[in-house]
Amino acid sequence: MQSESARAASAAEARFRIDAPNSQPRSIKVIALDRPSEAIVKRLATSVWGNTSFLTTLASAPPRDAPFSMRGWLADLAGHTKILVDEIEHADLVVMIATAGESIESTSIIGEACSLKRVMTTGLVVTAPSVPAAELSRSLAQLRPWALMLVVASAEDYIADMLMALRA
Amino acid sequence: MLKKEQSDLLTLTGPGTAGGRLFRCYWLPALLSSELPENDCPPVRVKLLSERLLAFRDSEGRLGLIDEFCAHRGVSLWFGRNEEGGLRCPYHGWKYDRTGQCIEVPSEPVESGFCNKIKLKSYPLVERGGVLWTYMGPADKQPPLPEWEFALVPPEQSFMSKRIQESNWLQAMEGGIDSSHVSFLHRGDLNSDPLFRGAKANQYNLKDSRPVFEVVESPGGLFIGARRNAESGNYYWRITQWVMPSFTMIPPRGDHPVHGHFWIPIDDDNCWTWSFDYHPIRALSPGEVAAMRDGKGIHVKYEPGTFRPLANKDNDYLIDRAAQKAGRTFSGVEGIAMQDASLQESMGPIVDRTKENLVSTDNGIIMARHRLVRSVKALTDKDQAPPGVDNAHQQVRSAAVILPPDRPFIEAAKDALVVRAGTSHASV
Ligand code: FES
Ligand SMILES: [Fe+2]
């Protein structure tokens, strides 16, 4: 007689996998940390996404000791300023997008807020072969303390694939 | 989650498929050299990329990999007589050389030259490092022979095994770059398996079961770095290499040999898991070789006379619920290889990726799929050779290193991630 594992692993039995949703939509925040990344995020936002919102950090980051709620440095893509804690409060994941070589001061503030609120973070650095290693190092060093997952991608098209894979 | 079309693009590898074209760009391990031990030995059936083939070694020691079936009336040449420079079909005596060229049709007058009109499809078969490699793509695109380090070191420094895995290649390969499962599924084995235990770094693994991952594109595929805290503010990094389409190299532990895999499609529902173990600068010890033969580490014990693991789906992988309860194994299945294979086979022949819920620690898998899909498209649309074909992409090493906190591992461990002949691998 066929063992239970043999029967269960067959293609015929795979047809009986329950066809019902096994997850609820997650809330994902994608935040551009610098200007080139903002352009990337704007391009991404033109696709249709579920419960995902796209944000950008404005020109100058707040001083290091400023409270998280300080206004005026986080905005949605239409330019409306947003309050960081409100944004991440109920997020399942915060994805921070950086471009190698750009300065990304706001990382630590977003990161600290996420770590305080126990929100999962992913850092994504887009880099080109022409970017000097030292500049990539700088971006990584800034993101590393705050990203529980760090990805270095050679092209921005990875981000859309990643968001899709994460059911964004 | 991966769309069905994209999953199909990668999981289906038969003739005429896009994913099949990708695999047909590379030299693939086809058999162990030991399967064709001498001239005129029995031929061996080989199914690769959904093609039924037959491997044989002729009277002069030349290797052939040809269509399994006789062109006359379709008999399997596995029954053939391997003699006098070719393989003769036992039915009506047609004879083929190792290129598949028919060289004798006994019923026809020799002068007619009829046999010249008959040729079976064949592929090159070449010995290197204890493995017989084949290339199944167009002849004009045939790349230079593979230059993986395990295949180039002296034979006493290297050990290779293969086993049948009853699942699609992709879910098996994805298991090889799924670094976050190690702290769970293989938890019990770090301190007990003779091919792992005793490494200083094991303590970091066990103390810090939630590593932080960094996934970085490499020229041939990916580096997957897992970072844990070490002494004095430094990081302990384990860096896995993935080279397209399906080579992985696991970071070493202590002075143990370093190991890794290839996953090669047999057909869409089955694959070969190849498992190598080698040391770059010393011979494997008799004890290590004995442990490998005994199915320790990433190797398995077999059903006698086959490459099918002794623990397989027909015996429920010899699951031991008492060992699971007592924590001797996490899943109840013994041995690292079968712990992985049992779960990957349980997904069904081709897992339905539209139902999965990946999380951010799965970025290694997401990135590998992304690169594979991108390469399949570049190959289909622009005839562009994929990463991993270039010999330079094959000269890689995995590494286990302690680094200061502010340096990217690709830079700080640069030398450790490539082959430097005559030097040992970087390991803790
Ligand atoms: S916890 Fe990962 S497959 Fe179930
Ligand atoms: Fe595993």
Subject >> Part of B/Phe409 within contact of chain A (heavy atom distance under 4.5 Å) >> reply: backbone
Original post:
Between A/Met164 and chain B, which part of the residue has a heavy atom less than 4.5 Å away: side chain, backbone, both or neither?
Top reply: both
Original post:
Non-hydrogen atoms of chain B under 4.5 Å away: do they reach the side chain of A/Ile18, the backbone, both or neither?
Top reply: backbone
Original post:
For B/Glu217, is it the side chain, the backbone, both, or neither that has a heavy atom closer than 4.5 Å to a heavy atom of chain A?
Top reply: both
**OP:** Find the distance between OG1 (B/Thr17) and CG (B/Asp8) and round it off to the nearest 0.5 Å.
**Re:** 10.0 Å
Subject >> Residues, nucleotides or ligands: over 12 heavy atoms within 6.0 Å of A/Asn22 CG >> reply: yes
**OP:** For a salt bridge (charged side-chain N to carboxylate O under 4.0 Å, His left out) with B/Lys47, tell me which candidate from B/Asp268, B/Asp267, B/Asp269 qualifies.
**Re:** B/Asp267
Original post:
Is chain A contacted by the side chain of B/Val351, its backbone, both, or neither, given a heavy-atom distance below 4.5 Å?
Top reply: side chain
**OP:** Look only at the side chain of B/Ser167 and the backbone of B/Met347, and say whether a donor-acceptor pair between them is shorter than 3.5 Å.
**Re:** no
**OP:** Take atom CD of B/Gln6 as the centre, draw a 6.0 Å sphere, and report whether it contains more than 12 heavy atoms from other residues, nucleotides or ligands.
**Re:** yes
Subject >> From OG1 (A/Thr99) to CZ (A/Arg35), nearest 0.5 Å >> reply: 10.0 Å
Subject >> Contacting moiety of A/Asp92, where chain B heavy atoms sit under 4.5 Å >> reply: neither
Original post:
Between A/Ala100 and A/Val131, what is the shortest heavy-atom contact and its length?
Top reply: CB-CG1, 3.8 Å
Subject >> Max heavy-atom pair count under 4.5 Å with chain B, selected residue of A/Ser137, A/Ala134, A/Ala14 >> reply: A/Ser137
Original post:
chain B: which of A/Leu136, A/Leu148, A/Asp19 shares the most heavy-atom pairs with it under 4.5 Å?
Top reply: A/Leu148
Original post:
Checking B/Phe223 against chain A: side chain, backbone, both or neither under 4.5 Å from a heavy atom?
Top reply: neither
Original post:
B/Phe184 vs B/Phe330 aromatic rings, parallel, tilted or perpendicular, using cut-offs 30° and 60°?
Top reply: tilted
Subject >> B/Arg374 versus chain A, the contacting section by heavy-atom distance below 4.5 Å >> reply: side chain
**OP:** Pick one of side chain, backbone, both or neither for B/Arg369, based on which atoms fall under 4.5 Å of a heavy atom in chain A.
**Re:** neither
Original post:
For A/Arg26, is it the side chain, the backbone, both or neither that has a heavy atom under 4.5 Å from a heavy atom of chain B?
Top reply: side chain
Original post:
What is the distance from atom OG1 of B/Thr354 to atom CE of B/Met1, rounded to the nearest 0.5 Å?
Top reply: 7.5 Å
Subject >> A/Thr122 versus chain B, the contacting section by heavy-atom distance below 4.5 Å >> reply: side chain
**OP:** Evaluate the side chain to side chain contact (heavy atoms under 4.5 Å, CB included) criterion for residues A/Glu13 and A/Ser10: first the C-alpha distance (whole Å), next the side-chain angles of each, then the deciding distance (0.1 Å), finally the verdict.
**Re:** CA-CA 5 Å; A/Glu13 284 297 313; A/Ser10 67; 3.5 Å; yes
Subject >> Between B/Ile365, B/Asn357, B/Asp314, the one whose heavy-atom pairs under 4.5 Å with chain A are most numerous >> reply: B/Asn357
Original post:
Under a 4.5 Å heavy-atom cut-off, does chain B meet the side chain of A/Ala133, its backbone, both or neither?
Top reply: both
Original post:
For B/Ile410, is it the side chain, the backbone, both or neither that has a heavy atom under 4.5 Å from a heavy atom of chain A?
Top reply: side chain
Original post:
Considering only heavy atoms, which portion of A/Leu166 lies under 4.5 Å from any heavy atom of chain B: side chain, backbone, both, or neither?
Top reply: both
Subject >> Test item: side-chain donor near acceptor, B/Asn312 and B/Tyr302, under 3.5 Å >> reply: no
Original post:
Do A/Trp73 side-chain atoms and A/Ser106 backbone N/O form a donor-acceptor pair below 3.5 Å?
Top reply: no
Original post:
Are B/Arg227 and B/Tyr235 in a cation-pi setup, meaning NZ or CZ lies under 6.0 angstrom from the ring centre and within 45 degrees of the ring axis?
Top reply: yes
**OP:** Specify which of B/Ser342, B/Pro349, B/Gly225, B/Pro211 makes the most heavy-atom pairs with chain A at under 4.5 Å.
**Re:** B/Pro349
**OP:** Name the option with the most non-hydrogen atom pairs under 4.5 Å to chain A; the candidates are B/Ser360, B/Ala412, B/Gly348.
**Re:** B/Ser360
Original post:
B/Leu358, B/Val212, B/Val216: which one forms the most heavy-atom pairs within less than 4.5 Å of chain A?
Top reply: B/Leu358
**OP:** Pick one of side chain, backbone, both or neither for B/Glu356, based on which atoms fall under 4.5 Å of a heavy atom in chain A.
**Re:** backbone
Original post:
Quick one: what part of B/Ile366 sits under 4.5 Å from any heavy atom of chain A, side chain, backbone, both or neither?
Top reply: both
